[in-house]
Amino acid sequence: MRRPVAGMRQEKLIDLVRRSPQRLVFPLMGYPGARLTGSTLRQNGFNAELHFMSICKLVERFSPDAAFFMMDLSLEAGALGLPVRYPINESPTVEEHPVKSLADLDQFKVLDPLNDARIRSFIRVMELMSKNLDIPRGGYVTGPFTLAGLMMGASELAMATIIDSGLVHGVLEFSLGVCKRYARALAEAGADIVAILEPTAAFLSDGAFRTFCGPYIRHLIEDMDPMMVLHICGNTSHLVKEMCKTGAQGLSLDAPVDFPSIAGDVDPDVVLIGNIDPVGIMVQGTPHDVRRAVKDLIDGMASHQNFILSTGCDLPLETPFENIEAFMEEGRRCVRVCDGHATLDPAMMA
Amino acid sequence: MPSEEFKEMQDALEAGNATVVRTLTEKALERGVDPQVILNEGLIPAMGRVGEKFKRNEVYVPEVLVAARAMYAGLDVLRPLLAKSGAKRAGKMVIGTVKGDLHDIGKNLVRMMFEGAGFEVVDLGTDVSEKRFVEAVRSENPDFLGMSALLTTTMPAMKTTIDALKEAGLRESVKVLVGGAPITHRYARDIGADGYAPDASSAVDLAKELLGQASSSAAS
């Protein structure tokens with residue numbers, strides 16, 4: 001499968017979408033791959049070759065239009081030495097959030113996160129994906145605000161946005177540096193897409209996002225070679241306009257966001273990625289439920305070209321394979337009919 | 001009692017000014033105002049308004065947390081006095097994030113909203129085992145058990161806790177409320193919970209509704 005994607009770096013995500021005769025379809029999936037290699041999530045989090053094989057098996061089985069490695073929001077925090085719990089089959093969780101003042105940051109400033117074994121392992125996964133997969137290859141980096149939340153505690157960070165903005169900006173400056181360093185390493189490892197995971201920003205008002213999140217995302221994105229995507233879980237309808245100002249080429253949004261109603265707020269050159277419910281539909285639903293949800297979403301987005309069918313967030317480990325199959329089949333069955341692709345007669349396709 | 005003073009207290013609470021709320025609470029007590037009245041006419045309506053604004057997306061999590069901090073500044077002064085007087089609370093809840101899950105922000109919001117609505121809340125923290133939930137229900141005898149989970153991998157612990165309550169013969173003694181990002185109405189129904197709410201403020205409305213049903217059916 002050694003077919004490098006030529007010239008990918010110069011291309012923008014919207015070009016990839018426009019160039020494709022069909023809707024692009026890729027669920028955010030990494031964890032279910034562990035079931036295809038008979039391994040645990042913890043094993044994948046520590047073993048690059050195994051992790052890569054899990055992703056490969058998913059690609060072979062479901063043929064998505066892009067592949068991402070497994071989401072791990074504890075990676076950067078763990079690389080800074082924060083205590084992390086690694087359950088056997090759940091995503092790792094940061095256990096303590098020690099930063100209470102700017103002076104508390106000093107202990108972390110001397111560290112190079114890229115010396116961490118797990119960070120190195122994820123960079124290696126990216127290299128292996130880049131060398132061996134012939135579809136766009138993506139990785140994740142935790143966003144500066146979310147990393148700040150892991151360092152300070154999410155509640156403390158939230159309150160500090162009101163009562164101690166100096167502390168927040170100080171921690172954000174630091175976390176931005178960590179995020180940039182890791183994102184650059186992923187880019188050098190061959191990432192075509194890097195999605196910035198910023199779930200903690202979901203609890204901000206649009207005004208607070210403008211002050212504490214947007215500018216740092218913009219810094220993280222600028223000068224970065226890969227196609228940069230911004231992912232925020234939860235209901236982020238109130239943040240969409242602000243997210244558009246970050247320079248992200250794609251917005252990956254969660255199930256509570258009503259895509260057809262916000263699509264008008266999004267620049268036609270920015271791609272909306274989402275947003276089938278990863279739990280309510282993909283885990284708890286039947287293949288019939290999945291097909292119906294996919295069809296409804298595609299119908300709702302019929303007049304918008306800047307759309308990639310995906311899931312609202314990463315698929316849980318236990319997602320039934322028949323539901324992923326139903327997702328891919330239904331997504332591919334619904335042929336895109338919009339500007340520039342008017343050669344297909346919808347009546348013939350029905 | 002002068003509603004003007006409570007208005008100042010309420011404005012300070014909504015603005016998240018903990019020092020002012022504490023001072024005004026202490027001053028009211030010095031003047032001999034009943035702690036229960038300060039709670040019911042000062043703190044609770046203000047926290048209720050914050051909850052309503054939160055539900056309508058007029059304020060967000062940071063504003064709620066700062067307002068709640070101000071509410072606790074007043075409540076901490078009142079609490080020992082309320083306990084001494086044996087004042088009647090709106091109800092009692094035991095709450096926690098389920099086993100394996102360390103996320104506490106959603107659980108904390110629910111706790112704050114319940115305390116802000118006059119409930120007594122026993123917070124078991126995060127990573128709470130079935131056994132600890134069952135023990136707390138047995139010893140605290142609450143009206144509600146609230147369980148929170150952010151992870152799809154930890155949400156099954158809600159069901160095992162409900163099953164453990166049944167086994168301990170305590171299921172009928174408590175209403176089980178569940179919430180968290182991956183939880184849905186359907187999931188709550190499937191695991192046999194009594195209720196699900198999508199946000200902290202709605203959870204209080206739901207609890208009041210369930211209490212109302214219980215008292216009206218007891219009366220009939």
Side-chain angles (χ1 to χ4, degrees), chain A residues 31 41 74 83-85 87-97 149 153-163 165 168 199-209 212 233-235 237-239 254-256 277-285 289 312-319, chain B residues 14-19 53-70 72 97-112 125-127 149-157 159 180-191 196 198-200:
Chain A
Y31 297 153
L41 291 187
S74 304
V84 176
R85 177 192 292 191
I88 292 171
N89 264 329
E90 294 156 29
S91 32
T93 323
V94 178
E95 292 182 303
E96 286 169 37
H97 318 286
S155 300
E156 287 71 17
L157 174 64
M159 286 197 279
T161 61
I162 296 177
I163 59 184
S165 62
V168 178
T200 306
F203 66 45
L204 293 174
S205 65
D206 54 346
F209 186 95
F212 297 106
C233 324
N235 190 352
S237 307
H238 66 293
L239 297 175
D254 206 349
D277 188 335
V279 178
I281 298 289
M282 294 303 291
V283 174
Q284 295 169 8
D289 297 332
C313 197
D314 211 16
L315 289 181
L317 175 66
E318 67 272 25
T319 311
Chain B
E14 286 188 56
N17 195 330
T19 317
K53 284 185 184 172
F54 181 54
K55 210 158 58 177
R56 292 196 301 263
N57 294 331
E58 290 169 22
V59 297
Y60 290 84
V61 170
E63 289 81 5
V64 176
L65 291 177
V66 171
R69 193 182 63 139
Y72 283 120
T97 305
V98 299
K99 190 167 69 183
D101 205 321
L102 300 178
H103 297 90
D104 67 354
I105 200 163
K107 183 262 300 166
N108 289 349
L109 285 170
V110 173
R111 185 193 73 214
M112 289 162 187
T126 60
D127 195 15
L150 184 73
L151 305 172
T152 53
T153 46
T154 55
M155 54 196 256
K159 180 167 190 319
I183 312 300
T184 57
H185 272 294
R186 180 169 137 185
Y187 184 75
R189 202 183 51 224
D190 288 352
I191 63 170
Y196 156 82
D199 63 80

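Here is how names work: the chains are called A, B, and so on, in the same order as the sequence lines, proteins then strands, and each is numbered from 1.
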Chain B contact via [X] - which portion, at a heavy-atom distance below 4.5 Å:
X: A/Asn89; result: backbone
X: A/Glu95; result: both
X: A/Val94; result: backbone

For B/Asp127, is it the side chain, the backbone, both or neither that has a heavy atom under 4.5 Å from a heavy atom of chain A?
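Side chain of B/Asp127 only, per the 4.5 Å heavy-atom cut-off to chain A.
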
At a 4.5 Å cut-off on heavy atoms, which part of B/Thr154 comes close to chain A: side chain, backbone, both, or neither?
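Side chain only.
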
Check each of B/Val61, B/Leu109, B/Ile105 against A/Ser155 using the side-chain contact (heavy atoms from CB on, under 4.5 Å) test, and report the only one that passes.
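So, applying the side-chain contact (heavy atoms from CB on, under 4.5 Å) to A/Ser155 and each of B/Val61, B/Leu109, B/Ile105, only B/Ile105 qualifies.
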
Heavy-atom pair with the smallest gap, counting every atom of [X] and [Y]:
X: A/Phe203; Y: B/Tyr60; answer: O-CB, 3.2 Å
X: B/His103; Y: A/Thr93; answer: CE1-CG2, 4.2 Å
X: B/Val66; Y: A/Ile162; answer: CG2-CD1, 3.8 Å

Does a sphere of radius 6.0 Å around NZ in B/Lys55 hold more than 12 heavy atoms from other residues, nucleotides or ligands, not counting ones at 6.0 Å or beyond?
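Yes, NZ of B/Lys55 has more than 12 neighbouring heavy atoms, counting only those of other groups under 6.0 Å.
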
Among B/Asn108, B/Asn57, B/Leu65, which has the most heavy-atom pairs under 4.5 Å with chain A?
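Ranked by heavy-atom pairs under 4.5 Å with chain A, first place is B/Leu65.
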
Side-chain donor-acceptor contacts of residues 180-189 of chain B below 3.5 Å, not counting sequence neighbours, with atom names and distances?
from	atom 1	to	atom 2	distance (Å)
B/Thr184	OG1	B/Tyr187	N	3.0
B/Arg186	NH2	A/Gln284	O	2.7
B/Tyr187	OH	B/Met155	O	3.0

Measuring from atom CZ of A/Arg85 to atom CG of B/Leu102, what distance do you get when rounded to the nearest 0.5 angstrom?
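Reported value, rounded in 0.5 Å steps: 4.5 Å.
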
Does B/Pro62 reach the side chain of A/Leu204, with side-chain heavy atoms less than 4.5 Å apart?
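Yes - at least one pair of side-chain heavy atoms lies under 4.5 Å apart.
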
Please identify, among A/Ala208, A/Ala158, A/Pro316, the residue contributing the most non-hydrogen atom pairs under 4.5 Å to chain B.
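Sorted descending by pairs with chain B, the first entry is A/Ala158.
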
